[in-house]
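Worksheet for the structure shown next.
Numbering of residues begins at 1 and proceeds along the displayed sequence.
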Amino acid sequence: MTPFFLLFVALASASPVRRQTDVLDINADGLISYDEVFHAMTLHDALVALDIDGDQFLYLPQIVELFGDGSIFYQLNNNGDDHLSFGEVQHGLTLREFFDLFDKNGDGMLDATESYQMNYIYNTIKNPDAAISNLLDANGDGKLSKLEVLGAMTLDESMIAMDMDGDGFFTVQELAPIFGNDTQATFDRLDGNMDGKLSYDEVTSATSLDRIFDFYDLDGDGYLTGSETDGIYYVYNAILTNPILVHGGLDADGDGKLSLAEVELVMNVHEVLVALDDDGDNHFSLQEFVAHIGDETLFNALDHNHDMTLSFGELHTIGMDTIFNKYDKDGSGFLEGHEADEMLVVYDMVMAMNAA
């Protein structure tokens, strides 16, 4: 689970002022009932507490991370744009329906797993000034477990947040706030081609968020406490304040154009092929291929059995660069203007497919 859910509002229609309680689980039975939620928060409380970026919009990645799929996004998105306004949400859901979206087993109560987001909403309302520093400590025990860290952030998000210049590479200086005195040794270990810079691929192929957690867990007790948490909180706060990660999208460095590295970071060629395969037959005709993937010469080269269709098997040798170059009509190495718009359509299709 990523931190996008932390920006979400309590999706409820306007209602009378409700009594603020000292705890959300009023009867201390370990479960959260609808009554307890109803009496603990108002829409205004939730908006103020959770709209961290202040844009008053919700994006598909936020919805997916909050509820596990994007179906409610499309249900509420009346105007078909790339976000939900607060108005769309408030007019489309009641507080009861919002509660029920978390109640996965339909028993009318939120258990420990189901109530995580609701507890976060409530705790942020009660203590808004401490919200950012306490986000990772989901159970409030004063230490970070591996489950809490892996459940709230991903390695990809960490890389985007720490890539200060958005060039798709890391320098020793960019990694220093994370690894401290061990930065150079860590850098050298990850720099597979020894070119003095780390690509996203070098990082992901040589380490994981799980292993980074273990790096910080100096006493090996399975928890991060005290100064052990500093590096993780540094990365996580960078994620929460990164405009690209908050809003979603392809343009990771915010320069108004798309590079191949940015596209490859958020989707792979198989996802794109599945998304573009409108009839779901796992084949592309010449017309479909030329429209979306490559030219006729490449089609003929890949059509090994000469049946004038390309199966996914025949397409296994192409990479995202092939599709990227199809959209890069001026050959600049970047997608801008209409070129970028076309790729964004593909990206939206992939996101919708993954959310289904």
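Distance alone, capped at 3.5 Å, is enough to place a donor-acceptor pair between the S115 side chain and the D111 backbone. Formation of a donor-acceptor pair under 3.5 Å by the E174 side chain with backbone atoms of M164 is found in this model. Judged by distance alone, with hydrogens and angles left aside, the side-chain atoms of N268 form no donor-acceptor pair with the main-chain N or O of V272 at under 3.5 Å. The backbone N or O of G168 sits less than 3.5 Å from a side-chain atom of D163, completing a donor-acceptor pair. Under the 3.5 Å distance criterion, the side-chain polar atoms of D191 are matched with a main-chain donor or acceptor of D195. Counting only distance, with no hydrogens or angles, the side chain of E342 and the backbone of E339 share no donor-acceptor pair below 3.5 Å. Within the 3.5 Å criterion, the main-chain N or O of M194 finds no donor-acceptor partner in the side chain of K197. Although no hydrogens or angles enter the test, the distance criterion places a donor-acceptor pair under 3.5 Å between the side chain of E36 and the main chain of I26. Not one N or O on the side chain of N325 forms a donor-acceptor pair closer than 3.5 Å with the backbone of D328. A donor-acceptor distance shorter than 3.5 angstrom exists from the side chain of E202 to the backbone of N193, with no hydrogens or angles considered.
Closest approach of H292 and I323 over heavy atoms only: O-CG2, 4.1 Å. Across all non-hydrogen atoms, the minimal contact from T171 to F187 is C-CE1, 3.8 Å. The shortest non-hydrogen separation linking S285 to E288 is N-OE1, 2.9 Å. Here the closest non-hydrogen pair linking L209 and S158 is CD1-OG, 4.4 Å. The shortest heavy-atom contact between E228 and D217 is OE2-C, 3.8 Å. Considering all non-hydrogen atoms of both residues, A275 and V350 come closest at CB-CG2, 3.9 Å.
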>> Does D156 form a side-chain contact (heavy atoms from CB on, under 4.5 Å) with T204? I'd like the steps, not just the answer.
In response: CA-CA 8 Å; D156 283 350; T204 56; 4.1 Å; yes

> For D210 and V149, what are the C-alpha separation, side-chain angles and deciding distance, and is it a side-chain contact (heavy atoms from CB on, under 4.5 Å)?
Replying inline: CA-CA 9 Å; D210 184 283; V149 172; over 6 Å; no

> Could you go step by step and tell me if S332 and D330 meet the side-chain hydrogen bond (donor to acceptor under 3.5 Å, both in side chains) rule?
Replying inline: CA-CA 6 Å; S332 67; D330 62 5; 3.1 Å; yes

>> The test is salt bridge (Lys or Arg N to Asp or Glu O under 4.0 Å); show your working for D221 and K143 and say whether it passes.
In response: CA-CA 11 Å; D221 66 351; K143 55 187 179 181; over 6 Å; no

> For V269 and D321, what are the C-alpha separation, side-chain angles and deciding distance, and is it a side-chain contact (heavy atoms from CB on, under 4.5 Å)?
Replying inline: CA-CA 9 Å; V269 66; D321 58 331; over 6 Å; no

>> For a side-chain contact (heavy atoms from CB on, under 4.5 Å) check, start with the C-alpha distance between L302 and F289, then their side-chain angles and the critical distance, and finish with the verdict.
In response: CA-CA 11 Å; L302 296 172; F289 183 87; 4.1 Å; yes

>> Run the side-chain hydrogen bond (donor to acceptor under 3.5 Å, both in side chains) test on T309 and D307 for me, step by step, so that the C-alpha distance in whole Å, both residues' side-chain angles and the decisive distance to 0.1 Å come before the verdict.
In response: CA-CA 6 Å; T309 65; D307 64 352; 3.1 Å; yes

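Hydrophobic clustering of Ile, Leu, Val, Met, Phe, Trp and Tyr side chains at less than 4.5 Å, counting indirect connections, unites M159 with L190. In terms of hydrophobic clustering, with Ile, Leu, Val, Met, Phe, Trp and Tyr side chains grouped at heavy-atom distances under 4.5 Å, M109 and V37 are assigned to different clusters. Taken together through direct or relayed side-chain contacts under 4.5 Å among Ile, Leu, Val, Met, Phe, Trp and Tyr, V263 and I318 form part of one hydrophobic cluster. Cluster membership check: F99 shares its hydrophobic cluster with L101, using side-chain heavy-atom separations under 4.5 Å among Ile, Leu, Val, Met, Phe, Trp and Tyr. Hydrophobic clustering keeps L218 apart from F213 (ILVMFWY residues linked when any side-chain heavy atoms are closer than 4.5 Å, directly or through intermediates).
Taking the six-membered ring where the residue is Trp, the centroids of F179 and F215 are separated by under 6.0 Å.
We find the NE2-CG distance between H338 and L344 to be 11.5 Å, quoted to the nearest 0.5 Å. The CG atom of L260 sits 7.0 Å away from the CE atom of M320 when rounded to the nearest 0.5 Å. One distance of note links CZ of F38 with CG of L95; it measures 7.0 Å at 0.5 Å rounding. Going from atom NE2 of H304 over to atom CG of L310 covers 8.5 Å, rounded to the nearest 0.5 Å. Atoms CZ and CE, on F170 and M162 in that order, are 8.0 Å from each other to the nearest 0.5 Å. Between atom OG1 of residue T225 and atom OH of residue Y216 there is a gap of 14.5 Å, rounded to the nearest 0.5 Å.
A salt bridge does not link K326 to D295: none of the charged side-chain nitrogens sits closer than 4.0 Å to a carboxylate oxygen.
Within the 4.5 Å cutoff, side-chain heavy atoms of L335 are placed close to those of F324. The shortest side-chain heavy-atom distance between I212 and D214 does not fall under the 4.5 Å cut-off.
Ring pair F102/F98 is perpendicular by interplanar angle, where above 60° counts as perpendicular and below 30° as parallel. Ring pair F312/F284 is parallel by interplanar angle, where below 30° counts as parallel and above 60° as perpendicular.
Residue-environment remark: CG (D219) exceeds the threshold of 12 foreign heavy atoms within 6.0 Å.
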